[in-house]
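Below is one structure, written out as structure tokens, with a few remarks after it.
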Amino acid sequence: MAAAGASVVGYDRMKEVKEFDDSKIGVKGLSDSGITTIPRFFVHPPETLSDVKSSSVQIEIPVIDLANVGSDHHRSKIIEQIRDAAKIWGFFQVINHGVQASVLEDTIAAIKAFHEQPMEIKAKHYLREEGQGVMYASNNDLFRAEAACWHDSLQVWMSPEPPQVEEIPGICRKEVVEWDKNAKKVADTVMELLSLGLGLEAGKFRDLTFSDTRVFVGHIYPYCPQADLTLGITPHTDPGIVTVLLQNQIQGLQVKHENQWVDVKPVPGGLIVNIGDFLQIVSNGEYKSVQHRVLANSSMESRISIVIFFNLAKWRESGKYGPLPELLTPEKPALYRDFTAQEFNKNFYSKGLDSKSFIEKIKL
Ligand SMILES: O=C(O)CCC(=O)C(=O)O
Ligand SMILES: [Fe+2]
């Protein structure tokens, strides 16, 4: 087996990474070129690769049916299911969420079409400035991570500064805007149910985000000729409140549960929701932000996933944040110290996705 790129003496990793980035071809371009060996900087260290495989356990993340969420009788049952899933798994799928199947299909098809365009067309959008507008690149942490992963992504910062609509690539413009609206509705409902699950006012978590700092990310995981030497996305937790994820039927996502990697089997029409670090902190550890990763894709059909991150928007006047006082009791004291937006953002943007979670740093 090839050694991890980072540790080979005399190998100028940075030079190769930069050449790849400058070429703007992404992993989709590498895959299409017919290579049979992946560049060394994609090879992950043996300790990561030792358990890179489909899960051997037969358990699955909870699937929650949101049909009839408006009726009192069903609602209390659904709140219980969502609360338990968020506490035990930090991940669940929702079905009957009210978004039409054709919208899901059109969104996936549009993102696939973006990534399948000729290199010269995509290259026009290729850049590495996160934080606003539109950014297409391979691996958002390419220069920070220890090893690169086998995916490319189109990021669109939907808010608080909405992109100029013309900035969004024409091939998926309508679908990105439409999906953002639909995913926001689902996230608002889920955040409401999550708030009620902890006995808080319905709008509590939604108000923390104002559903207002949203990043749309359309990933592609093309065929990888050496899928056992790399990953699609390295293990990480998401930083925000909740994430809503739409995927095609090609499997790859895995969730850490009781120290084992569990495959997330695509459910037709389902949407995946997961809890982010910030929600774990404000819920004082009641809800769990759980590690997840994506295996590199060994199937000839590309895996597509579309993620919207619902991040924190509103900071307390003090400029500090931490566990919600409503949730603290003498039996359940604060598990985390307060922190500032600057600390949170600095931690997230200064290192690779694989860096230690912010939660570890502020644990009391
Ligand atoms: O593609 C996936 O299934 C997961 C993507 C992900 O975890 C992320 O973008 O944070
Ligand atoms: Fe993630």
Side-chain angles (χ1 to χ4, degrees), residues 26-28 52 54-55 60-61 89-94 104 107-108 111-112 114-115 130 135-142 144-145 148-158 176 179-180 183 187 213-224 227 230-257 261-267 270-280 288-299 301-311 348-349 351-355 357-359:
V27 294
K28 178 72 169 79
V52 163
S54 289
S55 63
E60 284 179 35
I61 67 169
W89 282 87
F91 258 84
F92 47 91
Q93 305 215 38
V94 291
L104 309 183
T107 311
I108 291 169
I111 293 305
K112 187 158 186 273
F114 169 81
H115 286 291
E130 286 184 272
M135 166 182 147
Y136 157 64
S138 192
N139 289 245
N140 76 326
D141 60 349
L142 187 66
R144 307 188 299 254
C149 288
W150 205 255
H151 73 270
D152 302 328
S153 319
L154 172 70
Q155 288 192 12
V156 186
W157 288 67
M158 302 308 296
V176 168
W179 180 245
D180 176 55
T213 310
R214 299 189 307 285
V215 191
F216 173 110
V217 186
H219 297 294
I220 187 165
Y221 303 87
Y223 165 72
C224 178
T230 188
L231 279 167
I233 278 193
T234 207
H236 66 280
T237 55
D238 292 349
I241 305 267
V242 295
T243 305
V244 174
L245 186 147
L246 163 64
Q247 59 175 339
N248 69 356
Q249 297 298 302
I250 306 292
Q251 196 168 304
L253 175 62
Q254 295 189 318
V255 171
K256 196 85 178 257
H257 182 67
W261 288 108
V262 175
D263 292 332
V264 175
K265 305 232 163 65
V267 169
L271 289 174
I272 294 163
V273 179
N274 63 289
I275 306 298
D277 291 352
F278 193 80
L279 185 47
Q280 174 166 334
K288 304 291 184 306
S289 173
V290 165
Q291 274 209 326
H292 50 288
R293 70 178 184 187
V294 177
L295 298 179
N297 183 11
S298 57
S299 108
E301 193 180 338
S302 293
R303 175 169 188 270
I304 300 289
S305 73
I306 294 146
V307 175
I308 297 199
F309 297 105
F310 291 81
N311 292 333
F348 187 64
Y349 288 109
K351 306 215 186 74
L353 265 185
D354 47 356
S355 59
S357 144
F358 184 65
I359 294 179

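Atoms within each ligand, like the ligands themselves, are counted from 1 in listed order.
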Atom indices of ligand 1, in the order listed, that fall short of 4.0 Å to a heavy atom of His292: 7 (O)
Any donor-acceptor pair under 3.5 Å from Asp152 side chain to Gly26 backbone: no
Parallel, tilted or perpendicular: ring planes of Trp89 versus His257, cut at 30 and 60 degrees: parallel
Non-hydrogen atom of Val294 closer than 4.0 Å to ligand 1: yes
Donor-acceptor under 3.5 Å (Ser153 side chain, Ile220 main chain): no
Residue pair Val255 / Val264: nearest heavy atoms and the distance that separates them: CG2-CG2, 3.5 Å
Numbered atoms of ligand 1 (with element) below 4.0 Å of Tyr221, judged on heavy atoms: 1 (O), 2 (C), 4 (C), 5 (C)
Ligand-residue contact atoms, ligand 1 with Phe309, heavy atoms, under 4.0 Å: 8 (C), 9 (O), 10 (O)
Numbered atoms of ligand 1 (with element) below 4.0 Å of Leu245, judged on heavy atoms: 2 (C), 3 (O), 4 (C)
Under 3.5 Å: donor-acceptor pair, side chain of Asp263, backbone of Ser55: yes
Contact check, Arg293 vs ligand 1, heavy-atom distance below 4.0 Å: no
Gln291 CD to Asn274 CG distance, which is reported to the nearest 0.5 Å: 12.0 Å
Vertex the Fe ion (ligand 2), arms to Asp238 OD1 and His236 NE2, rounded to 10°: 90°
His236 touching ligand 1 at heavy-atom level, < 4.0 angstrom: yes
Contact check, His219 vs ligand 1, heavy-atom distance below 4.0 Å: yes
Exercise: identify the closest heavy-atom pair between Val244 and Ala187: CG2-CB, 3.9 Å
Numbered atoms and elements of ligand 1 in range of Asp238, under 4.0 angstrom, heavy atoms: 10 (O)
Heavy-atom closest contact (Lys288 atom, Ile275 atom, distance): O-CB, 3.2 Å
Identity of the N, O or S atom of His292 lying closest to the Fe ion (ligand 2): NE2
Region of Arg303 engaging ligand 1 - heavy atom pairs below 4.0 Å: side chain
